[in-house]
Amino acid sequence: MNTISGGKPHVLILGGGSVGLTTASDLRKSLGSDVAITVVDSRPYLTFAPFLPEVGSGSIDPRNALAPLRKALSGTKVVTGAVTGVRSSEKVVAVETEDGDDLEISYDYLVIGLGSVPRLLPIPGLAEHAIGFKWVEEAVAVRDRILANLAEAASTKDPRTRKRLLTFTFIGGGFAGGEAVAEAEDMVRDALRYYPDLHSSDVRFVLIDAAPFIFPEVSEEQRAYALNQLRERGVEVKLETFVNSCENNVVKTSDDDEFETDLIVWNAGVKPNPLLSDSEAFDIPVLSERGPKMGKLECLPDLRVKGAEGALDDVFSGGDCAAVPDLASGEDKLCPPNAQHAVRQGKRIADNITRSVQGRPLVDYYHKNMGTMATLGMYKGMGYLLLGDKRIELKGLPAWGAARAYHLITMPTIGRKAAVVADWVSSAISRRDIIGIPQSTNPRGAFELAAGPKKK
Ligand SMILES: Cc1cc2nc3c(=O)[nH]c(=O)nc-3n(C[C@H](O)[C@H](O)[C@H](O)COP(=O)(O)OP(=O)(O)OC[C@H]3O[C@@H](n4cnc5c(N)ncnc54)[C@H](O)[C@@H]3O)c2cc1C
């Protein structure tokens, strides 16, 4: 073996998300100090996305939905920088650091866990006015905007401005989008008790989806339950509806509706990290057939990546950027892009690299779906659990408790788990915070003003 780091195999992990962090920590457990591990990520932390809807509603402090990589992976080298290319033929990865340095990092084993990005459609005005809901900065910005708008709307006399400020549009009613709007509406209803000048009928939440239902992952009965929940709470759910344009923050939809809005949150699906499709930078081919495989790395069941001429024995992948056969659901099925699979694929990759180092045969990835749970605001939730052949459907408080418990168990690091529990206790006792810190493009503005005019 071409060992690089003092005779030890060097495992280079691209992306410190669900796949990357799990692979790195399991590898450390299985090979101890007999392996050198490097994790490269443009962010110095893992974003625990299942908690983002609760960050967006103020039930969880934003920092507590993040796991700092250097703390979670002691003994592992963490490089904060953007991966810009992979030359698997030379076993080299190109990385650009924050301050613009170009690095070339060699490896014995490569793990690609570069995740996904929002899948945008060419809707006029979308790129200019909408915001995603995939990263903590976005969840914080959505919450701050909504709360800041309540304060502004309560003070304005102009009815049109007030209407615009209090109209919040969410596009995409899958799990991430459905949870995000439900949590945000719950936060607003809670906050309105402090706004005697505003009434709940002044606030308009609109959820738009092209499909005839929301939450496609659950049963028909549960979809209907979630839809009723949202509609009873006043969320206007537009199904089988397309957004035609959102120029100048005016949303025009295929049902001939047209309205001004101050917030457009885009949650209509993800696509694999586009870096992988850049064939000049990345010499491993991705799948090009249309559909859920498009742009993904093709994996064998043991999670080795397929190159142009067959399996690459030293390159593994998993998570949102990989097409992984779902052996538990049938040969032709692919694992859906979720954290449940990403974490378990990370574990399988770590074990298979350990096996490869030790000259043992690799094992195929097999994971039976355990179900899925969503929170829909405080004390509200829905979803199902699969225990063996038993399917248990939950709604309301039990589902909310199960969703929180499941996500807490899977949140990395004990410290963060404890901090999240503390956030929940605090928001249950003293209600959620209602301050929206307005986004400032010049946080030094007040200081500069205090310093007085610049001397010429
Ligand atoms: C709002 C929301 C809620 C969700 N809720 C759930 C849920 O309840 N249950 C569930 O199972 N799943 C949920 N998911 C999906 C789940 O979060 C993802 O499927 C999972 O995180 C995928 O793991 P990954 O390792 O493939 O990617 P990620 O965890 O996204 O990690 C990818 C990493 O790669 C890094 N990266 C990307 N490009 C570069 C580059 N060029 N250079 C360096 N680093 C780079 C990123 O910074 C990131 O850290 C949710 C997703 C969202 C957005």
Side-chain angles (χ1 to χ4, degrees), residues 12-24 39-56 65-69 78-86 93-98 103 105 111-119 132-139 142 170 172 174-181 183-184 215 217 265-270 272-276 278 281-282 296-297 317-322 324 335-346 349 367 369-375 381 383 402-404 406-408 410-412:
L12 176 57
I13 301 175
L14 309 185
S18 300
V19 170
L21 187 130
T22 313
T23 306
V39 176
V40 183
D41 200 301
S42 37
R43 296 172 171 83
Y45 48 76
L46 165 140
T47 305
F48 190 67
F51 278 155
L52 291 184
E54 288 207 59
V55 169
L66 309 175
L69 295 176
V78 176
V79 175
T80 304
V83 174
T84 53
V86 171
V93 170
V95 174
E96 189 181 334
T97 61
E98 278 268 288
L103 309 179
I105 309 177
V111 179
I112 304 171
L114 289 173
S116 55
V117 300
R119 180 166 39 84
F133 203 81
K134 195 169 158 43
W135 303 111
V136 75
E137 307 85 310
E138 295 170 328
V142 167
F170 287 70
F175 247 76
E179 273 194 292
V181 71
E183 288 284 346
F215 291 105
E217 301 84 348
V265 185
W266 179 260
N267 245 321
V270 293
N273 194 319
L275 172 71
L276 307 180
D278 179 353
F282 205 85
K296 289 189 175 182
L297 293 165
S317 185
D320 288 7
C321 70
V324 175
C335 297
N338 62 35
Q340 191 182 135
H341 278 291
V343 166
R344 283 161 185 87
Q345 286 163 7
I349 292 170
H367 170 65
N369 180 16
M370 292 164 58
T372 186
M373 286 285 164
T375 61
R404 278 193 158 187
Y406 176 70
H407 292 150
L408 189 68
T410 46
M411 172 76 202

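The chain is numbered in sequence order, starting from 1. For ligands, and for the atoms within them, numbers begin at 1 and follow the listed sequence.
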Practice task
Taking the side chain as every heavy atom from C-beta outward, state whether Leu21 and Pro412 have any atom pair closer than 4.5 Å.
Solution key: yes
Problem - Non-hydrogen side-chain atoms of Cys321 and Leu276 separated by less than 4.5 Å - result: yes
Practice task
Please determine, by modelled atom types, if Thr375 and Glu183 share a side-chain donor-acceptor pair under 3.5 angstrom.
Solution key: yes
Tell me the protein heavy atom at minimum distance from [atom], and give that distance in Å.
{"atom": "atom 30 (O) of ligand 1", "value": "Lys134 NZ, 3.8 Å"}
{"atom": "atom 32 (C) of ligand 1", "value": "Gly113 O, 3.4 Å"}
{"atom": "atom 25 (O) of ligand 1", "value": "Val19 N, 2.9 Å"}
{"atom": "atom 7 (C) of ligand 1", "value": "Pro50 CG, 3.6 Å"}
{"atom": "atom 10 (C) of ligand 1", "value": "Ala339 N, 3.3 Å"}
{"atom": "atom 41 (N) of ligand 1", "value": "Val83 O, 3.3 Å"}
{"atom": "atom 28 (P) of ligand 1", "value": "Gly17 CA, 4.0 Å"}
{"atom": "atom 44 (N) of ligand 1", "value": "Ser42 N, 3.2 Å"}

Within the distance-only criterion (no hydrogens, no angle test), does the side chain of [X] pair as donor or acceptor with the backbone N or O of [Y] below 3.5 angstrom?
{"X": "Asn338", "Y": "His341", "value": "yes"}
{"X": "Thr84", "Y": "Ala94", "value": "yes"}
{"X": "Ser317", "Y": "Ile112", "value": "yes"}
{"X": "Trp135", "Y": "Ala49", "value": "no"}
{"X": "Gln340", "Y": "His367", "value": "no"}
{"X": "Gln345", "Y": "Gly319", "value": "yes"}
{"X": "Asp41", "Y": "Gly16", "value": "yes"}

[X] and ligand 1 - part of the residue with a heavy-atom distance under 4.0 Å:
{"X": "His407", "result": "side chain"}
{"X": "Val95", "result": "neither"}
{"X": "Pro337", "result": "backbone"}

Report, in ascending order of atom number, the atoms of ligand 1 lying under 4.0 Å from any heavy atom of [X].
{"X": "Gly319", "result": "26 (O)"}
{"X": "Arg43", "result": "46 (C), 47 (O)"}
{"X": "Gly81", "result": "42 (N), 43 (C)"}
{"X": "Ala342", "result": "22 (C), 23 (O)"}

Any N/O of [X] closer than 3.5 Å to an N/O of ligand 1?
{"X": "Gln340", "answer": "yes"}
{"X": "Asp320", "answer": "yes"}
{"X": "Ser18", "answer": "yes"}

Practice task
Say whether Ala322 and ligand 1 are in contact under the criterion: heavy-atom distance to a ligand atom below 4.0 Å.
Solution key: no
Practice task
Assess Asp41 for proximity to ligand 1: is some non-hydrogen atom of it under 4.0 Å away?
Solution key: yes
Nearest neighbour of [atom] from the list [options], on a heavy-atom basis:
{"atom": "atom 14 (N) of ligand 1", "options": "Gly15, Ala49, Pro53", "result": "Ala49"}
{"atom": "atom 1 (C) of ligand 1", "options": "Phe175, Phe133, Trp135", "result": "Phe133"}
{"atom": "atom 45 (C) of ligand 1", "options": "Leu114, Leu69, Thr375", "result": "Leu114"}

Problem - Trp266 to Arg119 - nearest heavy-atom pair and separation - result: NE1-O, 3.0 Å
Handout entry: Residue pair Ala139 / Val55: nearest heavy atoms and the distance that separates them
Key = CB-CG1, 4.0 Å
